[in-house]
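A short worksheet on the structure shown next.
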Amino acid sequence: MSTFPDRYREVSVTDVDVPLELGPLRALLTSRPVYRRSRYVVVRRGTETALVEVIRGTTTGLFSAVEDVVLLANPAETVYLHRPELDTGVPSDLVKAAQDASGARCVVVEGAYGHVSFVLDPDPVRLHVLDVAPPWPAKLLDQVERVLQTADDMTGVLPVPHVVELPDLLPGEPAGHYLLPCRGGGMDVPGAEVSYLDEVPPQADWTLLGCARSRAIHDFFYEGPVRQVDTCPRTIAAGVELPAGEVLLTKCCLLENHVEVDGRIVVTPWGASFGHLREALEAAVELAEQP
């Protein structure tokens, strides 16, 4: 399980002239008080970094005595990264940075605003995010990443993209005429005529490229059967094999105002708000933490 500090103020940074070993660090750090909110100290000596936890004793005013020190990660296990584009108060940003330090037990990150934090034993929730594109960027994946950038009270989540390109769903023998739900995605089918369902064009011999909602709208306006290529992300997601313990997030336009959990799949409305996405992420984390 990953360990993160609760807040920036729990982490202090200091340069020392002693070896980054338990004995010398204990002797040094127990000889002086620490700020009363300090729990962890990132200690540096030259290019080496270690992480310790301080056991605080009596607090007087703003400072606490240090009764003992626990060495959490030695220099051989610790990597120090500069990532000014990341907010180190956000666990998902920390686990994102940790991907650049594969094998390190402790990843210390100096990020935006000069703030320093760490993740110990990085073990993020791997959240598979399935979306269809165009439009680009894939909207659901983009929105998830934006929500995670401010989720400072949520454990580290690492999105795993599954972006299905709509042209890849077309049959090997393309049709001469496709009916798309709308122009919003900006999809082009070379060599084929394209019409848009929301414009209610005159009925033709076309193939509907859409989901169950598009089919229902088609059936409202037109009579008779229609060939269809199902593009519903939820339908596609049902065929994805997930590694044990991992979770998938996708969307479906049959949902309008709520989030559903279907086995190891979390489903948001097609036009999910950031509130919906936050709810979905919380549900996904809860699922991932279950056996």
Side-chain angles (χ1 to χ4, degrees), residues 92 95-96 99 123-149 151 154-172 178-182 184-187 189 197 207-218 226-291:
S92 292
V95 297
K96 180 179 179 180
Q99 301 306 298
D123 184 24
V125 172
R126 287 173 51 84
L127 177 63
H128 299 257
V129 182
L130 190 148
D131 200 3
V132 294
W136 294 101
K139 182 181 177 182
L140 181 63
L141 178 62
D142 183 65
Q143 287 185 305
V144 164
E145 291 174 340
R146 290 164 63 193
V147 172
L148 289 175
Q149 287 173 355
M154 184 181 294
T155 192
V157 175
L158 185 67
V160 181
H162 293 260
V163 178
V164 177
E165 297 193 33
L166 290 175
D168 292 341
L169 297 176
L170 300 180
Y178 287 99
L179 181 65
L180 282 82
C182 65
M187 181 176 170
V189 184
L197 179 59
T207 295
L208 173 64
L209 190 61
C211 62
R213 180 70 80 201
S214 298
R215 179 60 183 267
I217 294 171
H218 180 277
V226 63
R227 294 182 301 275
Q228 181 179 1
V229 175
D230 192 348
T231 62
C232 177
R234 185 174 190 171
T235 301
I236 298 169
V240 175
E241 290 189 18
L242 294 173
E246 298 186 9
V247 181
L248 186 145
L249 173 66
T250 192
K251 63 187 183 182
C252 177
C253 65
L254 295 182
L255 304 186
E256 295 185 1
N257 293 303
H258 69 285
V259 171
E260 285 188 1
V261 176
D262 183 7
R264 304 292 289 184
I265 298 175
V266 180
V267 189
T268 73
W270 187 278
S273 67
F274 286 117
H276 287 131
L277 290 170
R278 175 70 192 218
E279 179 185 348
L281 285 167
E282 290 173 350
V285 169
E286 183 178 349
L287 273 177
E289 291 175 346
Q290 296 175 3

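Numbering of residues begins at 1 and proceeds along the displayed sequence. Not measured: the values here are computed from a predicted model.
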Show the atom names and distances, to 0.1 Å, of all donor-acceptor pairs under 3.5 Å that link a side chain in residues 229-237 to residues at least two apart or in another chain.
from: Asp230; atom 1: OD1; to: Cys232; atom 2: N; distance (Å): 3.0
from: Arg234; atom 1: NH1; to: Glu260; atom 2: OE1; distance (Å): 3.0
from: Arg234; atom 1: NH2; to: Glu260; atom 2: OE1; distance (Å): 2.9

Nearest atoms (heavy-atom pairs only) where [X] meets [Y]:
X	Y	value
Pro159	Val157	CD-O, 3.5 Å
Leu140	Leu249	CD2-O, 4.1 Å
Pro167	Ala133	CD-O, 4.3 Å

Qualifying residue for side-chain contact (heavy atoms from CB on, under 4.5 Å) with Pro161, from Val129, Val144, Leu141: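 Passing option: Leu141.
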
side-chain contact (heavy atoms from CB on, under 4.5 Å) partner of Val266, chosen from Val247, Val285, Leu248: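 By the side-chain contact (heavy atoms from CB on, under 4.5 Å) criterion, Val266 pairs with just one of Val247, Val285, Leu248: Val247.
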
State which residues pass side chain to side chain contact (heavy atoms under 4.5 Å, CB included) with [X]; sequence neighbours excluded, sorted by chain then number.
X	result
Glu256	Arg213
Asp123	Ser2
Ser273	His276
Pro124	Val95, Gln99, Leu158

Leu209 and Met187, any side-chain heavy atoms less than 4.5 Å apart: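 A side-chain contact under 4.5 Å exists here.
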
Side chain proximity check, Asn257 to Pro269, heavy atoms < 4.5 angstrom: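 Asn257 vs Pro269: side chains apart.
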
Polar side-chain atom of Arg264 near backbone of Gly245 as donor-acceptor pair, under 3.5 Å: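 Flag set: sc Arg264 to bb Gly245 pair under 3.5 Å.
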
Ser214 side-chain N/O to Pro181 backbone N/O, donor-acceptor pair under 3.5 Å: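 Side chain of Ser214 to backbone of Pro181: no pair is present.
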
Residue pairs fulfilling salt bridge (charged side-chain N to carboxylate O under 4.0 Å, His left out) with at least one residue in [range], sequence neighbours excluded:
range	result
residues 127-140	Asp131-Lys251
residues 235-246	Arg126-Glu246
residues 282-291	Arg278-Glu282

Set of residues satisfying side chain to side chain donor-acceptor pair (under 3.5 Å) with respect to Thr207, sequence neighbours excluded: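 So Thr207 forms a side chain to side chain donor-acceptor pair (under 3.5 Å) with Arg227.
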
With Gln228 via side chain to side chain donor-acceptor pair (under 3.5 Å) - residues at least two apart: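 Here the qualifying residues are Arg215.
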
Residue pair Leu148, Lys96: steps toward the side-chain contact (heavy atoms from CB on, under 4.5 Å) verdict: CA-CA 11 Å; Leu148 289 175; Lys96 180 179 179 180; over 6 Å; no

Between CG on residue Leu281 and CD on residue Gln143, distance to nearest 0.5 Å: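 Between atom CG of Leu281 and atom CD of Gln143 there are 11.0 Å.
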
Euclidean distance, Ile265 CD1 relative to Cys252 SG, rounded to 0.5 Å: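 Those atoms lie 11.5 Å apart.
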
